[in-house]
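First the structure, which I've put down as structure tokens, then a few questions once you've had a look.
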2 protein chains.
Amino acid sequence: MRVGELSRRSGVSLASIKYYLREGLLPPGERTSPNQATYDEGHVHRLRMVRALIDVGGLTVAATRDVLAAVDDPEVPLYVALGRASGTTMDPGDQDETQDETWAAAERTLAAAVDERGWAVSDENPAWHTAVGVLATYARLGDDDLSAQLGLYMRAMEEVAEREVAAVVDRGDRARTVEGVVVGTVLGDTLLAAVRRLAQQHCSLRLLGETPLRPRG
Amino acid sequence: MRVGELSRRSGVSLASIKYYLREGLLPPGERTSPNQATYDEGHVHRLRMVRALIDVGGLTVAATRDVLAAVDDPEVPLYVALGRASGTTMDPGDQDETQDETWAAAERTLAAAVDERGWAVSDENPAWHTAVGVLATYARLGDDDLSAQLGLYMRAMEEVAEREVAAVVDRGDRARTVEGVVVGTVLGDTLLAAVRRLAQQHCSLRLLGETPLRPRG
DNA sequence: ATAAACGGACAGTACTACTATCCAAAGAAG
DNA sequence: CTTCTTTGGATAGTAGTACTGTCCGTTTAT
């Protein structure tokens, strides 16, 4: 199939396909002549992935490129790509932010919670840095209820992660498995956030009899 | 205090403070003369909120403005503001997307899961639309493991939301309470996602003996 | 009295994600 | 075989976001 059909099949504009090709999100088609190429079902699927990651997962084009590179290349560690995938990674470039007492206290809080749960995680995981950043920010805002919920969040996420990891084991070829992990992680973030909003609506209705903070639309 | 000090105290540049004032994220200071104003602790706190929502929560300036407007004005329903706060709200403007069979099937899946859990939620909650969108996207990608995890996600988020709502009841004045809800919801999304990544690392290490998908950095 | 700070307006910048135009070569249709 | 459309590739332009810089006429501190 040629680009025109690829565009029609995927619903992505020709101009955008050319853009994704340039940016390395979509692998080049197979050459049939020095300046002509054909595309296959893999390209259609890849375009669907790209749109899902960008539109639903909220990734940037650059983050999508990195994540998909990790899917393709077994050499790129997946957690590095998934780290970049979390939009709010609070890049460790902000040295001044990480060098104060609030930050250190937040890091101790997280380390203690992780130890208590018996988690084996490394502080090289970008998520560690993000979590510490959120805790520190919350502390600076004065209310520290969030860090009080940390244990709860960890318990809930451990249960979720356990099932997710179990579901991913023995899935056939490596590419398919990694793709499943990526999509599940990125789209899962969005779904979890949405489900949390729904649960909050249900719980505030149940616990308060009515919902003073969120009147029915 | 005047802007100079406000800038020093909050760590936000003068130019950005002027920008936030223009955009309505920061209320104007109290006038001391036709073209002079003073600012108080409330402004320092507000600036910290703004930076937290933008830098840590990943909100846009416009979303931050809406969310803070809901904190200030009891007339604006909170769930509307928090809906806009979820970056990936998949605005209901995409009529074509919502009019196909995949979308309808995803909506039935969610409705069934919600009924089974006995949740009282309305499909006017923006999160409903987001959740359906994620489910539909996942279905279009071919793997439907995510919707298989839906029940698990709902159980986990119900437990989380229950504690969160309980923690927020009886908190003093309305403004403080609403602020707590907003910060907890927005920063909570980021924290939950980070904790999930950490849990995934722990679980893949525990269940697989080692971590083939995410070699240690 | 003089220098610094202020408010307000507005132009400019860097980045992101496309979108449009142009061209020469390749394919398809009559 | 010619004409029309499509393609690949390069490059320029656009719209939106989040600032940043500059100017100007007060205003306030020293």
Side-chain angles (χ1 to χ4, degrees), chain A residues 1-40 43 47 49-68 84-85 87-89 91 93-94, chain B residues 1-40 43 47 49-68 84-85 87-89 91 93-94:
Chain A
M1 123 190 36
R2 319 226 312 244
V3 268
E5 196 182 338
L6 181 60
S7 172
R8 248 172 291 114
R9 290 271 310 275
S10 62
V12 177
S13 79
L14 222 77
S16 293
I17 290 177
K18 284 182 171 192
Y19 172 60
Y20 294 150
L21 246 15
R22 271 203 306 285
E23 295 297 313
L25 278 78
L26 191 65
E30 203 181 333
R31 294 282 129 70
T32 60
S33 82
N35 64 344
Q36 220 71 11
T38 59
Y39 305 86
D40 56 26
H43 289 90
L47 275 175
M49 284 275 289
V50 167
R51 305 268 33 158
L53 262 20
I54 290 175
D55 295 340
V56 183
L59 300 200
T60 64
V61 167
T64 305
R65 194 224 290 102
D66 294 348
V67 165
L68 291 176
R84 306 199 85 211
T88 316
T89 305
D91 68 313
D94 320 5
Chain B
M1 116 189 45
R2 320 225 316 246
V3 268
E5 197 182 338
L6 181 60
S7 172
R8 249 172 292 115
R9 291 272 310 275
S10 61
V12 178
S13 78
L14 220 77
S16 293
I17 290 178
K18 284 181 170 191
Y19 172 60
Y20 293 151
L21 283 167
R22 273 201 307 283
E23 296 296 314
L25 278 77
L26 191 65
E30 203 181 333
R31 294 282 129 69
T32 59
S33 82
N35 65 344
Q36 221 70 10
T38 59
Y39 306 86
D40 56 25
H43 289 90
L47 276 175
M49 286 274 290
V50 168
R51 304 275 23 166
L53 296 179
I54 291 175
D55 295 341
V56 183
L59 301 199
T60 63
V61 167
T64 305
R65 194 222 294 102
D66 294 348
V67 164
L68 291 176
R84 306 200 85 212
T88 316
T89 306
D91 68 315
D94 320 4

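Every chain is numbered from 1, with letters handed out A, B, ... down the list of sequences. Heavy atoms only: backbone and side chains are in, while hydrogens, waters and symmetry mates are out.
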*According to a strict under-4.0 Å criterion, is B:Ser13 in side-chain N/O contact with OP1 or OP2 of D:dC19?*
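The answer is no; no side-chain N or O of B:Ser13 sits under 4.0 Å from OP1 or OP2.
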_Interatomic distance where OH belongs to B:Tyr19 and C1' belongs to C:dT13 [whole Å]_ =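 Value for this atom pair: 13 Å.
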*When you check the phosphate oxygens OP1 and OP2 of D:dT26, does a side-chain N or O of B:Ser33 lie under 4.0 Å from one of them?*
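Looking at the OP1 and OP2 atoms of D:dT26, neither is under 4.0 Å from any side-chain N or O of B:Ser33.
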*Indicate, with a heavy-atom threshold strictly under 4.0 Å, whether A:Arg65 touches base, sugar-phosphate, or nothing.*
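A:Arg65: no heavy atom of the nucleic acid under 4.0 Å.
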*Any idea which of C:dC6, D:dG8, D:dT22 is nearest the A:Ala37 side chain?*
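The answer is D:dG8.
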*asked:* Of the options D:dT27, D:dT20, C:dT19, whose atoms approach the side-chain atoms of B:Asn35 most closely?
replied: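 The answer is D:dT27, which lies nearest to the side chain.
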*Could you check how far CZ of A:Arg22 sits from C1' of C:dA17, rounded to whole Å?*
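Taking CZ of A:Arg22 and C1' of C:dA17, I get 10 Å after rounding.
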*asked:* Strictly below 4.0 Å: does A:Tyr39 bring a side-chain N or O up to OP1 or OP2 of D:dG8?
replied: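 True: A:Tyr39 side-chain N/O within range (under 4.0 Å) of D:dG8 OP1/OP2.
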*Across the strands shown, which category fits B:Arg2 at heavy-atom distances under 4.0 angstrom: base, sugar-phosphate, nothing?*
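If one applies the 4.0 Å heavy-atom cut-off, B:Arg2 turns out to touch the sugar-phosphate alone, with no base involved.
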*Work out which heavy atom in B:Glu23 is nearest to a heavy atom in B:Arg65; give both atom names and the distance.*
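Nearest heavy atoms, B:Glu23 then B:Arg65: O-NE, 3.2 Å.
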*When the nearest nucleotide of DNA chain D is assigned to A:Gln36 and to B:Val61 on a heavy-atom basis, which residue is associated with the more 5' position?*
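By nearest-heavy-atom nucleotide position, the 5'-most residue is A:Gln36.
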*Nearest nucleotide by nearest heavy atom, which residue falls closer to the 5' end of DNA chain C, A:Thr32 or A:Tyr20?*
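Closer to the 5' end of DNA chain C: A:Tyr20.
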_A:Ile17 CD1 - D:dG8 C1' separation (whole Å)_ =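 For the pair A:Ile17 CD1 and D:dG8 C1', the rounded distance is 13 Å.
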_Nearest-angstrom distance from the residue atom CD1 of A:Ile54 to P of C:dC18_ =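 Going from A:Ile54 (CD1) to C:dC18 (P), I get 6 Å.
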*Starting from P on C:dA5, measure out to CG on B:Leu6 and report it in whole angstrom.*
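These atoms are roughly 15 Å apart.
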